[in-house]
Number of protein chains: 2
Amino acid sequence: MKYSHKLSDAVHILAYVDIFKGGDLSSRAIADSIESNPSLIRRLMSMLSKAGLLTTQSGSVSPKLSRPAANISLLNIYQALDDSTTLLHVDDKTNLNCPVGRNIQQTLDQAYQQVQTASENSMAQITLQGIIDDIVEREAQRN
Amino acid sequence: MKYSHKLSDAVHILAYVDIFKGGDLSSRAIADSIESNPSLIRRLMSMLSKAGLLTTQSGSVSPKLSRPAANISLLNIYQALDDSTTLLHVDDKTNLNCPVGRNIQQTLDQAYQQVQTASENSMAQITLQGIIDDIVEREAQRN
DNA sequence: GTTAGCTGTTACTTATATAGTAACACCATG
DNA sequence: CATGGTGTTACTATATAAGTAACAGCTAAC
């Protein structure tokens, strides 16, 4: 498999929608910016909508953020994607006839949950607004 | 690709080596516990050796932890694996002709670095000894 | 010295998750 | 009504991880 870029692309979509509000916000246009294809963008936009981060309407190009960018965190976006995804993955096929193999799955589940929580706490500190400000500031410094 | 189980398997190897010290510590035996194959185990053991976490000797079965399990953290093990691996991956193919596409890579690099740091700080708090104690305690509670 | 069993390494194949691609139903607008 | 869009589903391609095979060289027992 490839490394997942879903989170990056989802952030890209939301930032694009806010930065270019009033402009061409079609999935084609966003796909061009991401260098991906419209189908994937639409799939991601659907997930973002279902998670209450984006407002869209079937049949017309009119996406907008569901709430101010300052009230959307990286964690919100992360959780809008496939919920079962975690950052670290326990090997769930170990030999249950061996004391180490039999217990290590639950032990690592707990350890990885700690790491996951720390990651998510960190993501919760990063807002979409902060990301947008950074993009805008970097662009301003190029001129 | 598949989800990586390298970290889980590496922790499994180290825990196995400590818990079963004095027993059969061949890559075959460890592979049986992990339900994997000796080649992968040898590859991981090689990485752990190079990182100074495991002491091994070509030609004879004699692996041992290079230092006490209390002095080995999950972060040490994580870093012993392929160093370029991070938990989140910026999409590095975005349209540089678009202001969002042009800047979002560095912006997300920074955001993801914060998340990575938080994760690594959390991993640093988890010791191999703690993991081993948990495995041993779970096994004790089965009897 | 020989042999068996091991570690360490490399190369190739297979499995799987993600993204790419295609297509269709339905909606909105001119 | 036609065009251009969103939302959804299905299939294909691809990158990465693990599985598999094999070999060089080491160690230890006989």
Side-chain angles (χ1 to χ4, degrees), chain A residues 1-10 12-13 16-17 23-51 54-64 78 80-94, chain B residues 1-10 12-13 16-17 23-51 54-64 78 80-94:
Chain A
M1 86 189 170
K2 303 167 174 171
Y3 288 134
S4 177
H5 292 142
K6 282 218 282 282
L7 181 59
S8 293
D9 293 344
H12 196 137
I13 291 170
Y16 191 99
V17 162
D24 178 4
L25 300 182
S26 63
S27 48
R28 168 84 263 151
I30 299 177
D32 281 347
S33 180
I34 295 181
E35 280 192 355
S36 183
N37 60 76
S39 279
L40 173 66
I41 302 315
R42 291 200 280 270
R43 209 178 295 149
L44 289 174
M45 287 175 83
S46 180
M47 289 180 188
L48 292 167
S49 287
K50 285 194 171 70
L54 200 61
T55 300
T56 53
Q57 180 171 330
S58 184
S60 71
V61 178
S62 57
K64 41 182 170 309
Y78 174 79
L81 305 177
D82 190 339
D83 343 76
S84 65
T85 300
T86 55
L87 298 169
L88 297 167
H89 303 97
V90 175
D91 184 346
D92 63 355
K93 252 190 330 86
T94 52
Chain B
M1 95 203 161
K2 302 165 177 172
Y3 285 135
S4 177
H5 293 142
K6 282 216 281 279
L7 182 59
S8 293
D9 294 344
H12 196 136
I13 292 170
Y16 191 98
V17 162
D24 179 5
L25 301 181
S26 63
S27 48
R28 166 85 261 152
I30 299 178
D32 282 344
S33 179
I34 295 180
E35 281 193 353
S36 186
N37 58 79
S39 277
L40 174 66
I41 302 313
R42 288 199 281 272
R43 208 178 298 148
L44 289 174
M45 287 174 82
S46 180
M47 289 180 190
L48 293 168
S49 287
K50 284 193 170 76
L54 201 61
T55 300
T56 52
Q57 180 171 331
S58 183
S60 70
V61 178
S62 56
K64 38 182 170 312
Y78 174 78
L81 305 178
D82 190 338
D83 342 79
S84 63
T85 300
T86 55
L87 298 171
L88 297 166
H89 303 96
V90 174
D91 183 346
D92 63 356
K93 254 191 327 88
T94 52

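Sequence lines set the chain letters: A, B, ... in the order given, protein chains first and strands last, and positions in each chain run from 1. If you're wondering where the values come from, they're calculated on a predicted model, not measured in any experiment.
- When the C1' atom of C:dT7 is taken as reference, atom CD1 of B:Ile13 falls 13 Å away, rounded to whole Å.
- Nearest heavy atoms, A:Lys6 versus A:Leu44: CD-CD2, 3.7 Å.
- Considering only residues two or more places apart in sequence or on other chains, A:Asp32 meets the salt bridge (Lys or Arg N to Asp or Glu O under 4.0 Å) condition with A:Arg28.
- Using a 4.5 Å heavy-atom threshold, the side chains of A:Thr56 and A:Leu48 count as separate.
- Here C:dT7 presents its P atom at 17 Å from CE of B:Met47, a figure rounded to the nearest Å.
- Rounded to whole angstrom, the span from the CG atom of B:Leu44 across to the P atom of D:dA17 amounts to 12 Å.
- Of the listed nucleotides (C:dA19, C:dG20, C:dT16), C:dT16 has the atom at the smallest distance from the side chain of B:Lys2.
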Please write out the pairs of protein N or O atoms and N or O atoms of nucleotides 4-10 of chain D separated by less than 3.5 Å, giving the distance to one decimal.
from, atom 1, to, atom 2, distance (Å)
D:dG4, N2, A:Gly59, O, 3.0
D:dT6, OP1, A:Ser27, N, 3.1
D:dT6, OP2, A:Ser27, OG, 2.6
D:dT6, O4', A:Gly59, N, 3.2
D:dG7, OP1, A:Thr56, OG1, 2.4
D:dG7, N7, A:Arg42, NE, 3.0
D:dT8, OP2, A:Ser46, OG, 2.4
D:dT8, OP2, A:Lys50, NZ, 3.4
D:dA10, N6, A:Arg43, NH2, 3.1

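- Between B:His12 and B:Ser33, the shortest heavy-atom distance links the atoms NE2-OG, 2.7 Å.
- Spacing between atom CG of B:Leu7 and atom C1' of D:dA17 amounts to 14 Å, rounded to whole angstrom units.
- Residue A:Leu88 comes nearest to B:Leu7 through the heavy atom pair CD2-CD2, 3.9 Å, listed as atom of the first residue, atom of the second, then distance.
- Nucleotide C:dG20 holds its C1' atom 12 Å from the CG atom of A:Asp9, rounded to whole Å.
- Rounded to a whole Å, the CG atom of B:Leu40 is 6 Å from the P atom of D:dA18.
- Here the nucleotide nearest the side chain of A:Tyr3, chosen from D:dT20, D:dA17, C:dG20, is D:dA17.
- Between B:His5 atom NE2 and D:dG19 atom C1' there is a gap of 14 Å when expressed in whole angstrom units.
- For the side chain to side chain donor-acceptor pair (under 3.5 Å) test, no residue two or more places apart in sequence or in another chain qualifies with B:Ser60.
- Rounded to whole Å, atom P of C:dG8 lies 12 Å from atom CD1 of B:Ile41.
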